[in-house]
Amino acid sequence: MTMRRTERPTGRRPRWAAAAVALIGATLLALPAGALAQCPQTSVADLEDEVMCPVCGTPLALATEAPQAQRERRFILGLVEQCRSKEEIKTALVAEFGESVLALPEGGGFELAAYLVPGLALLLGAGALGVAFVRWRRSGRSRTLRDAAAAPTDPAAEAALEADLKRYDL
Amino acid sequence: MTRFAIPISGVVGVLAIIGLLAYGVGSAAPDTGIDAALASGERVVAPAISLPPLAGGEEVSLDDYRGEVVVLNYWASWCEPCRAESPLLERFHERIEDRGGTVLGVDVNDVTSDAQAFIREFDLTYPMLRDADGETQTRFGVAAYPETIVLDRQGRIAALRRGPVDETFLRTKVLPLLEEPA
């Protein structure tokens, strides 16, 4: 007697798999986009040194007591709790306070000075250091040559050298 | 000649940095010319400014108020003295609006939702503009909040108060302007 193995309908598994995939996809689509991202994405502390307290004229991290800074922190905290990214929060801050809220401005014109002045200062400093080093090396070398020329000679060594030169008829 | 090239370029570089810093500080400094003009009894034409309403919408120009006496008040919701003067400004606005005058608020450096909560708290009905980064305030020499500039019907600055206004200031500086022809 031969046992006949029960055969599964061949088309059933792919249909189940497709249904499962569709269900998972629908569930994911139904979730808010923010829930999929890591939440919170940033923190007030992370942003504090990258944005300004516009009225105080200092980065927010340094403006601890100013009322405007406290309001700004509260505003940022609200956005952090909404799971907004750092860039999204910066965009929202610019919309509220203008470009000047960014510690490192993104605009052109005079704002470029924020990047150019430190760069220029760095170049000038490096140039000055380079010039000083070259001068120091030059003065050191010429001093060594001068010292060597001015060094007193040992009469015994002088006599030995003279004898060697005579011996080899040089 | 090359001997002087490096020191000269160093000096030029340092001067360039100083110049940039001076320009930056100078361009951000508030204008004090208005105070001087008022002190000599002169009325200067108000700077032309255009700002969006706090509630959103098309920009409003100060010129749109030409013909009215305008009490231009720079404020922020986080500013304590602004809280103290707001009820007075509202009462004064109600008093002058039928006589060709208005209080015009400019909310500066503020979170919009905070400013709107402030307006609801004090039931402020006068028009409100929004200057997100305080760009217009330097043209009036505003350096702190609140500050109030009074414009006559011809759009000239007739008075200003650097600090909170009081009943006496409004009565003596604004009410006479309402009697002047447009």
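Labels below follow one simple rule: chain letters A, B, ... track the order of the sequence lines, proteins then strands, and each chain is numbered from 1. The shown structure was predicted, so the numbers you read here are calculated from the model rather than taken from an experiment.
Nearest heavy atom pair, residue A/Phe97 against residue B/Val111, reads CZ-CG2, 3.7 Å. Minimum interatomic distance between A/Gly98 and B/Asp133 (heavy atoms only, all atoms of both residues): CA-CB, 4.1 Å. Nearest approach of A/Ala95 to B/Arg130, heavy atoms of both residues: O-NH2, 3.6 Å.
Rounding to the nearest 0.5 Å gives a distance of 11.0 Å between CD of A/Glu72 and CG of B/Asp110. Atoms OG and CG, on A/Ser100 and B/Asn109 in that order, are 7.0 Å from each other to the nearest 0.5 Å.
Judged purely by atom type and a 3.5 angstrom limit, A/Gln68 has no side-chain atom pairing as donor or acceptor with the backbone of B/Trp78. Using a distance-only test at 3.5 Å, with no hydrogens or angles considered, no donor-acceptor pair links the side chain of A/Glu96 to the main chain of B/Ala132.
Note on B/Leu160 and B/Leu178: separate hydrophobic clusters, where clusters join Ile, Leu, Val, Met, Phe, Trp and Tyr whose side-chain heavy atoms are under 4.5 Å apart, directly or indirectly. Following chains of ILVMFWY side-chain contacts shorter than 4.5 Å, one can reach A/Leu79 starting from A/Leu102, so the two form part of one hydrophobic cluster. Linking Ile, Leu, Val, Met, Phe, Trp and Tyr residues whenever their side-chain heavy atoms come within less than 4.5 Å leaves B/Val106 and B/Leu170 in two separate clusters. Linking ILVMFWY side-chain heavy atoms closer than 4.5 Å, directly or via other members, places B/Val150 and B/Ile157 in two distinct hydrophobic clusters. In the hydrophobic clustering of this structure, B/Leu151 does not group with B/Phe169; members are Ile, Leu, Val, Met, Phe, Trp, Tyr whose side-chain heavy atoms approach within less than 4.5 Å, directly or through other members.
Considering only heavy atoms from C-beta on, A/Pro67 stays 4.5 Å or farther from B/Glu80 through its side chain.
Under a cut-off of 6.0 angstrom, the local environment of NZ in A/Lys86 is crowded, with over 12 non-hydrogen atoms contributed by other residues, nucleotides or ligands.
In this structure, the portion of A/Phe75 lying under 4.5 Å from any heavy atom of chain B is its side chain and not its backbone. Heavy atoms of A/Ala66 lying under 4.5 Å from chain B are absent altogether.
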